[in-house]
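Have a look at the structure below before the remarks.
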Amino acid sequence: METLLKAEELSVHFSTKRGYVHALDGINLEIGRGETLGIVGETGSGKSTFAKAILGILPPKSRIEGRLQFHETDLTRIDTEYFRRIRGKDIALIFQDPMTRLNPLMRIEDHFVETIKAHESVSGSEARARAVAALTSMRVPESRIRNYPHEFSGGMRQRIMIALALVLKPSLLVADEPTTSLDVIVEAQILEILEDLKRISSMSLVLITHNLGIVAEVCDRVAVLYAGKLAELGSVEDIFARPIHPYTRLLLRSIISLDTKELRSIEGTPPDLVNPPSGCRFHPRCPYAQPVCAEQVPPFVEFRSGQPASCLFGKDFL
Amino acid sequence: MLEVEDLVVHYPVKTSFVQRLFSREKLSVHAVDGVSLTLRPGEILGLVGESGCGKTTVGRAILRLVEPTSGIIRFEGIDVTRAKETDMRSLRRRIQIIFQDPHASLNPAMTIGRAIGHPLKIHGLTSNDGEVRDTVLRVMREVGLTPEEQLFDKYPGDLSGGQKQRAVIARAIILKPRLIVADEPVAMLDMSIRARVLELMLDLKTKYDLTYVFITHDLATAKFLCDRIAIMYLGRIVEMGLVKRIYENPKHPYTRALLNAIPIPDPKRRAPKILPRGEVPDAVYPPAGCRFHPRCPAVLSTCGWEGRDFIDYLEERRLNPEKVRRDEEILGPLHEWWARGFQAGRKIGEQDPAQLIERVRSILIEAQPQMNQAVRDVSVRDRQVIVEFHNPDLLGPKEVEGRLVECLLY
């Protein structure tokens with residue numbers, strides 16, 4: 001598969017009053033054309049930071065290291081102006097809360113016209129025609145195109161956001177918790193839309209979520225992040241059936257699903273990223289931890305074909 | 001232990017002065033519209049549903065944090081809705097609530113120890129600081145807030161989400177209540193620690209002989225935790241019964257839809273889903289008949305079809321580019337249509353009435369058969385074309401295979 005986006009040793013640090021936050025640390029992964037990659041992690045795992053790095057919207061006081069190759073461009077090296085040209089056109093984003101993206105004082109139609117005109121020199125009527133086509137494909141009726149964002153329901157707003165993100169036919173769509181604020185039925189409707197999109201276009205999708213059920217339903221591959229580190233990467237089948245990293249295993253067991261017979265959880269809490277644990281960042285919570293885990297940073301090793309993990313004892317979990 | 005009888009809670013909608021001048025109609029959100037349930041000592045009753053179904057309002061009404069519009073809530077023989085302020089005091093000692101957001105539930109300027117011990121002081125149970133401290137430390141140990149001596153003087157900002165929720169639970173149990181209303185207590189927590197908080201709640205239930213009303217949107221958690229559940233939709237209970245029965249064989253189409261929509265954490269079991277259309281409608285104007293009927297995959301012609309369903313159908317048709325022009329020609333622009341109760345209509349110009357009726361009927365034939373069958377008449381009166389629907393059949397909870405279901409299918 002052709003690679004669309006490649007992260008090499010990608011790190012992001014934020015400067016805060018308490019010191020440096022190591023939000024992302026040495027991430028290596030690739031996203032193929034047409035592929036859906038799920039990025040899973042708990043609060044503070046760095047999953048949203050990853051999305052922000054791809055979109056060039058990291059907070060001002062952050063430092064980015066390593067490479068983030070998108071087509072021919074290294075996204076860590078380009079300036080704001082250049083980013084503005086790609087963002088929205090080649091790489092688009094859907095947020096958790098559509099209200100934060102849609103301008104409450106702008107009609108739906110004008111959001112589309114503005115986006116299209118920012119990137120292409122087309123007439124207003126041409127832009128409007130494309131807005132109508134994009135919205136009806138998301139089942140938003142044409143009669144409502146001149147309404148304001150607050151006049152829509154949550155699910156409808158999220159569909160408008162998706163239509164807006166797709167109107168310039170980006171090759172990469174980043175969806176940051178796109179269904180978290182929605183109810184379960186509407187969530188399933190939105191996921192269905194995303195799946196249909198995958199089928200009819202060669203767009204790649206990065207789906208950031210804490211919900212492993214969603215990952216199992218729509219993703220091709222999964223990246224599991226823990227405390228800014230990539231714990232494990234692999235196909236969705238391998239990750240769910242044959243996880244290697246103890247964190248992945250425990251996380252999967254902590255899911256509460258309709259089949260849950262017994263509650264399981266992971267001891268401890270995610271670490272403070274100003275002062276992350278030495279060695280393997282998961283070692284204080286890991287039931288299999290050995291003394292060496294506190295000393296050595298585990299390398300990211302391919303234990304099974306296409307399934308690397310960062311655990312010193314990865315081969316014991318095969 | 002707790003009886004709720006025909007509880008109704010309507011919130012008034014704020015309207016502007018001008019709106020009030022022109023409309024005498026008082027708008028209200030029908031948050032809870034006739035809910036009856038009973039709670040037995042020692043059980044966990046789940047109130048399950050999507051946002052806006054009224055589950056939180058029922059929970060709050062039990063503590064009288066909202067004033068019911070009508071209905072009775074009886075807790076251990078006392079009518080909560082009519083209790084005097086002095087009675088409420090003792091009631092609130094016996095009923096406690098845990099909210100979803102532990103961060104918002106704790107005063108950021110109060111240490112954890114003081115916050116947990118606060119109820120003891122408010123209720124005047126003890127004024128001896130040493131005694132309070134001992135009790136607080138013991139409860140902190142019980143909820144797993146350890147090392148308790150260290151955490152006692154910390155502020156909420158120093159604690160993790162899981163620890164904060166434990167502190168909230170500690171504060172709720174320190175008065176040894178009989179009933180705890182837990183409103184989405186784990187929804188804000190990370191997956192890896194949810195289980196532990198739920199386990200804690202189960203442990204405390206045994207230790208303190210508690211009864212829970214567990215409010216959640218998560219059917220998986222409810223299945224694991226609850227003895228009985230009530231599935232709510234737009235202010236009504238649509239299905240209620242033992243967890244085992246309902247999950248094994250859900251009866252109400254809405255319960256089925258909810259169960260069907262839950263993502264399954266197993267990529268080998270991916271399958272296309274049959275989902276209800278659209279979203280939960282506005283609770284200011286709940287649908288006629290069964291409130292789920294506009295979205296129901298098993299809808300009947302008697303479920304409550306009304307004027308606006310016809311307009312929704314016209315709107316839906318216009319998503320299809322082939323139909324747009326034809327519809328526009330026959331029916332005119334969509335915004336000229338009105339809906340009132342069981343009627344929908346539009347002013348007509350110089351069109352031939354007989355021909356127009358014929359054409360509206362032809363469009364109805366292409367609709368869902370249940371909607372078409374529900375049409376009483378298409379007529380032209382006073383230069384208006386009017387589509388009129390039959391009144392729906394009467395709906396109420398029925399006993400079906402050991403649970404209550406509110407659906408005309410049964």
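Below, read A as the first sequence line, B as the second, and so on, with proteins coming before strands; counting in each chain starts at 1. Note that these values count all heavy atoms, side chains included, but never hydrogens, waters or copies made by symmetry.
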Minimal non-hydrogen separation, [X] against [Y], with atom names:
| X | Y | answer |
| --- | --- | --- |
| Glu50(B) | Asp183(A) | OE2-CB, 3.0 Å |
| Asn211(A) | Pro263(B) | ND2-CG, 4.4 Å |
| Arg196(B) | Glu267(A) | NH2-C, 3.9 Å |
| Leu263(A) | Phe224(B) | CG-CE2, 3.2 Å |

Winner by heavy-atom pair count (cut-off under 4.5 Å) against chain A, out of [options]:
| options | value |
| --- | --- |
| Leu258(B), Ile193(B), Leu334(B), Asn260(B) | Leu258(B) |
| Ser51(B), Ser192(B), Ala195(B), Pro265(B) | Ser192(B) |
| Lys268(B), Arg194(B), Glu316(B) | Glu316(B) |
| Pro333(B), Ala222(B), Gly49(B), Gly278(B) | Gly278(B) |

Return the [atom1] to [atom2] distance between [X] and [Y], rounded to the nearest 0.5 Å.
| X | Y | atom1 | atom2 | value |
| --- | --- | --- | --- | --- |
| Ile185(A) | His217(B) | CD1 | NE2 | 12.5 Å |
| Ile256(A) | Met191(B) | CD1 | CE | 6.5 Å |
| Asp266(B) | Leu252(A) | CG | CG | 10.0 Å |
| Glu42(A) | Leu189(B) | CD | CG | 10.5 Å |
| Leu219(B) | Ser257(A) | CG | OG | 12.0 Å |
| Asp190(B) | Ile266(A) | CG | CD1 | 9.5 Å |

Check whether Glu279(B) reaches the backbone of Val186(A) with its side chain - one donor and one acceptor, N or O, closer than 3.5 Å.
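It does not hold such a pair.
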For the pair Glu192(A) (side chain) and Pro272(B) (backbone), establish whether a donor and an acceptor sit closer than 3.5 Å, ignoring hydrogens and angles.
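No; zero donor-acceptor contacts below 3.5 Å.
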Which portion of Arg264(A) sits near chain B, non-hydrogen atoms under 4.5 angstrom:
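The answer is the backbone of Arg264(A).
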Which portion of Val215(A) sits near chain B, non-hydrogen atoms under 4.5 angstrom
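It is the backbone, since no side chain atom gets that close.
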Let me know if [X] has heavy atoms under 4.5 Å from chain A in its side chain, its backbone, both or neither.
| X | result |
| --- | --- |
| Arg270(B) | side chain |
| Arg269(B) | side chain |
| Ser160(B) | side chain |
| Leu275(B) | side chain |
| Ile262(B) | both |

For Arg107(A), look at atom CZ and say whether over 12 heavy atoms of other residues, nucleotides or ligands are found less than 6.0 Å away.
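It does: Arg107(A) CZ has more than 12 such atoms within range.
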Side-chain heavy-atom pair [X], [Y] within 4.5 angstrom cut-off:
| X | Y | answer |
| --- | --- | --- |
| Leu319(B) | Pro141(A) | yes |
| Arg318(B) | Glu142(A) | no |
| His335(B) | Ser143(A) | no |

Option that, when pairs with chain B are counted at under 4.5 Å, heavy atom only, ranks first among Gly154(A), Ser137(A), Ala216(A)
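That would be Ala216(A).
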Quick one: of Glu187(A), Arg253(A), Lys261(A), who has the most non-hydrogen atom pairs under 4.5 Å with chain B?
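Of the options given, most contacts go to Lys261(A).
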With sequence neighbours excluded, residues passing side chain to side chain contact (heavy atoms under 4.5 Å, CB included) with Glu195(A)
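Glu195(A) satisfies side chain to side chain contact (heavy atoms under 4.5 Å, CB included) with Arg199(A), Val218(A) once adjacent residues are dropped.
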